[in-house]
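Just so it is clear, the values below take in all heavy atoms, side chains as well, and ignore hydrogens, waters and symmetry mates. Below, chain A is the first sequence line, B the second, and so on; all start at residue 1.
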Protein chains: 2
Amino acid sequence: MQKQTPIKATESELEILNILWAQGPSTVKEVHEKLSLTKDAGYTTTLKLMQIMLKKQLVSRDGSSKIHVYTAAVDQAQAQGQMLQRMIETMFNGSAAQLVMQALGNHRSSKAELELIREYLEGKKKK
Amino acid sequence: MQKQTPIKATESELEILNILWAQGPSTVKEVHEKLSLTKDAGYTTTLKLMQIMLKKQLVSRDGSSKIHVYTAAVDQAQAQGQMLQRMIETMFNGSAAQLVMQALGNHRSSKAELELIREYLEGKKKK
DNA sequence: TCAAATGTACGACAACTTTCGTAATTGCAA
DNA sequence: TTGCAATTACGAAAGTTGTCGTACATTTGA
């Protein structure tokens, strides 16, 4: 497993990636519709962004038919991991625990969520 | 407690803030020296960045003597919380638990850290 | 067929970020 | 006091981001 160049995406690009991760391969139209629910930007803006992302290889696309279908070209878990890692380093002095507690403290998670985490920790312990 | 405009800082600015949080009020020189350990940029670049941050009110400064002393003007915990919140929304589909588990899974935290978190969760439970 | 609808491509723009060179200022030492 | 070294101020440039208008291409259904 070789180390590769860190994924670098802007906030807007991350939003688009997130949609692609959630929905799977999608057209510009589909992405834009989803994006429009929470954001306010023109269709061509989304299109352009996705074209830029193509150049950056954050997404790939199938253009065999008229309508291009875009697919996330970076792994979700990996991207998440890298983002967190960078955040831990630059804002939490290298302590994942600090980040975790801050996340839980601030976000006021549901009981179900906390339970999930507790179970996860149990699993880790046994290993 | 009133809601205020979200803190908006770039990556470089975050690095500087982090140094100010860790070291307390510092001169440009001190910040730059720390920064130079991990980054490669000229002195005036750091200076300029900090001047911009002053304008943005991310830092304040005491210029009573020749050498200006800069202080972080935003609260660390608050900034951390906001960053995480945004990340949870845009990359983890609103689930703090997902973020937490990703952070722990990837980072391979120490036993001590995991124990810390476990205790923290116990504390939350009792409430 | 051919015009409307649906997509894509592309250029331009303003705002922002990061960088640095150079000028101006200030304090101190000799 | 005066000149040097340390600081700060500022302008400019290059790159990036997000935005959109408009032009071009393709499909399709009346």
Nearest-nucleotide wise, let me know which of A:Ala41 and A:Ser65 is further upstream toward the 5' end of DNA chain D.
A:Ala41
Between A:Gly42 and A:Ala9, just flag the one whose closest nucleotide in DNA chain D comes earlier from the 5' side.
A:Ala9
Atom [atom1] of [X] to atom [atom2] of [N]: distance rounded to whole Å?
| X | N | atom1 | atom2 | answer |
| --- | --- | --- | --- | --- |
| A:Glu11 | D:dT19 | CD | C1' | 17 Å |
| A:Leu35 | D:dT19 | CG | C1' | 13 Å |
| B:Tyr43 | D:dA6 | OH | P | 11 Å |
| B:His32 | C:dT18 | NE2 | P | 16 Å |
| A:Glu15 | D:dT17 | CD | P | 14 Å |
| A:Glu30 | C:dT8 | CD | P | 11 Å |
| A:Lys66 | D:dT26 | NZ | P | 10 Å |
| A:Lys8 | D:dT16 | NZ | P | 7 Å |

Shortest non-hydrogen contact from [X] toward [Y]:
| X | Y | answer |
| --- | --- | --- |
| A:Gln76 | B:Met91 | NE2-O, 4.1 Å |
| A:Gln23 | A:Lys34 | NE2-CD, 3.1 Å |
| B:Leu20 | B:Val59 | CD1-CG1, 3.6 Å |
| A:Ala103 | B:Val100 | CB-CG2, 4.4 Å |

Looking only at side-chain atoms of [X], point me to the closest of [options].
| X | options | result |
| --- | --- | --- |
| A:Lys39 | D:dT8, D:dT19, C:dT18 | D:dT19 |
| A:Thr44 | C:dG27, D:dT22, C:dT6 | D:dT22 |
| A:Thr10 | D:dT7, C:dG21, D:dG18 | D:dG18 |
| B:His68 | D:dT8, C:dT17, C:dG7 | D:dT8 |

Check this for me: does any side-chain nitrogen of one of A:Arg118 and A:Glu115 sit under 4.0 Å from a carboxylate oxygen of the other?
yes
Taking the side chain as C-beta and beyond, is there a heavy-atom pair between B:Leu49 and B:Thr10 under 4.5 Å?
no
Taking only N and O in the side chain of A:Arg61, is any of them less than 4.0 Å away from OP1 or OP2 of C:dG7?
no
Residue-level proximity of residues 45-56 of chain B to DNA chain D when a heavy atom falls under 4.0 Å:
B:Leu47, B:Lys48, B:Gln51
Applying side-chain contact (heavy atoms from CB on, under 4.5 Å), run through A:Arg86 and B:Glu11 and close with a yes or a no.
CA-CA 10 Å; A:Arg86 212 162 55 201; B:Glu11 195 69 15; 3.8 Å; yes
